Visitor: 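Shown below is the structure under consideration.
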Amino acid sequence: MPSIKQNKEKKKQDFFDKVFLIVEKIPYGKVTTYGAIAEVCGIKSSARTVGWALNGAKDSNLPCHRVVNRYGALSGKIHFGDPNLMEDLLRSEGVEFNEDGCVNLKKHLWVPEKIFD
DNA sequence: TGGATGACCTACA
DNA sequence: CTGTAGGCCATCC
């Protein structure tokens with residue numbers, strides 16, 4: 001029986017590709033959230049999967065340091081190798097932090113466009 | 001095929 | 001506020 005399994009391979013590549021494109025579009029001095037990316041990717045209910053995608057993105061040239069959680073906390077800083085690297089990069093871009101070490105989403109939150117509309 | 005993992009989010013006590 | 005629980009989707013073994 002004929003099977004078209006190659007379509008499956010393409011799908012996962014598509015998902016990663018979406019996340020890569022969005023993160024790559026994050027402007028200077030701005031940050032976005034996993035939920036926002038997930039929504040644009042079409043998996044709004046699974047911000048978790050977005051983080052997983054970034055897990056592979058950290059090996060890429062993507063500014064993963066501009067991706068934070070809902071509260072603006074640097075939840076993924078540990079995966080940068082140096083926990084201080086993420087904060088230092090954002091501060092270097094003019095991003096402000098709160099006492100809790102969270103990004104001031106009020107001023108630096110950036111929502112990606114639905115490029116897949 | 002299915003359990004385990006993951007840089008999350010929301011809700012409830 | 002903290003802890004617990006469920007969900008959600010993709011990947012690995």
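Just so it is clear: chains get the letters A, B, ... in the order the sequence lines come, proteins before strands, and each one is counted from 1. This is a predicted model, so every value here is computed, not measured.
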Visitor: Of the non-hydrogen atoms in Phe20(A) and Leu62(A), which two are nearest, and what is the gap between them?
Guide: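 That would be CD2-CD1, 2.7 Å.
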Visitor: Which whole-number value in Å describes the distance from Lys77(A) NZ to dG6(B) C1'?
Guide: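 Value for this atom pair: 18 Å.
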Visitor: Is a donor from one side chain sitting under 3.5 angstrom from an acceptor on the other, for His108(A) and Glu93(A)?
Guide: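 No donor-acceptor contact under 3.5 Å links the two side chains.
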Visitor: Output yes when a side-chain donor or acceptor of Thr32(A) lies under 3.5 Å from a complementary backbone atom of Trp110(A), and no otherwise.
Guide: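 It does hold such a pair.
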Visitor: Given atom NE2 of His65(A) and atom C1' of dA7(B), what is their separation to the nearest angstrom?
Guide: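 Those two atoms, NE2 and C1', are 15 Å apart.
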Visitor: Which parts of residues 84-95 of chain A get close to DNA chain B, meaning a heavy atom less than 4.0 angstrom away?
Guide: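 Heavy-atom contacts with DNA chain B come from no residue of residues 84-95 of chain A; none.
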Visitor: Between atom CD1 in Ile43(A) and atom P in dA10(C), what is the gap in whole Å?
Guide: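 Answer to the nearest Å: 6 Å.
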Visitor: Could you give me the CA-CA distance, side-chain angles and deciding distance for Val50(A) and Ile22(A), then say whether side chain to side chain contact (heavy atoms under 4.5 Å, CB included) is met?
Guide: CA-CA 11 Å; Val50(A) 177; Ile22(A) 295 169; over 6 Å; no
Visitor: Working note: Asn69(A) + Leu74(A), criterion side chain to side chain contact (heavy atoms under 4.5 Å, CB included); need CA distance, chi angles, decisive distance, verdict.
Guide: CA-CA 7 Å; Asn69(A) 67 356; Leu74(A) 312 183; over 6 Å; no
Visitor: Write down the distance between CG (Leu54(A)) and C1' (dC8(B)), rounded to a whole number of angstrom.
Guide: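 Roughly 11 Å, once rounded to whole Å.
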Visitor: Give the nucleotide from the list dA10(C), dA7(B), dC8(C) with an atom nearest to the side chain of Ser46(A).
Guide: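 It is dC8(C).
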Visitor: Using a strict cut-off of less than 4.0 Å between a Lys/Arg side-chain nitrogen and an Asp/Glu carboxylate oxygen, indicate whether Arg91(A) and Glu96(A) qualify as a salt bridge.
Guide: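 Salt bridge absent between Arg91(A) and Glu96(A).
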Visitor: In this structure, how many angstroms lie between the P atom of dC8(B) and the CG atom of Leu74(A), rounded?
Guide: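 Value for this atom pair: 11 Å.
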Visitor: What's the verdict on side chain to side chain contact (heavy atoms under 4.5 Å, CB included) for Glu87(A) and Val95(A), showing C-alpha distance, side-chain angles and the deciding distance?
Guide: CA-CA 9 Å; Glu87(A) 182 179 331; Val95(A) 178; over 6 Å; no
Visitor: How would you label the contact of Lys58(A) with the nucleic acid (heavy atoms, under 4.0 Å): base, sugar-phosphate, or nothing?
Guide: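 Contact class for Lys58(A): base.
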Visitor: Return the polar atom pairs (N/O with N/O) between nucleotides 2-5 of chain C and the protein under 3.5 Å, or none.
Guide:
none

Visitor: Is it the case that dC9(C) (base atoms only) and Thr49(A) (side chain only) share a donor and an acceptor within less than 3.5 Å, ignoring hydrogens and angles?
Guide: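 Side chain to base: pair found, below 3.5 Å.
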Visitor: Please pick, from dT11(C), dC8(C), dA7(B), the nucleotide with the shortest atom-to-atom distance to any side-chain atom of His79(A).
Guide: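 Minimum distance to the His79(A) side chain belongs to dA7(B).
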Visitor: Write out a two-atom table: protein N or O, nucleotide N or O from nucleotides 9-13 of chain B, distance below 3.5 Å.
Guide:
{"unit_1": "dC9(B)", "atom_1": "OP1", "unit_2": "Arg70(A)", "atom_2": "N", "d": "2.7"}
{"unit_1": "dC9(B)", "atom_1": "OP2", "unit_2": "Arg70(A)", "atom_2": "N", "d": "3.4"}

Visitor: Specify the separation, in whole Å, of atom CD of Glu39(A) and atom C1' of dC8(C).
Guide: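 From Glu39(A) CD to dC8(C) C1': 14 Å.
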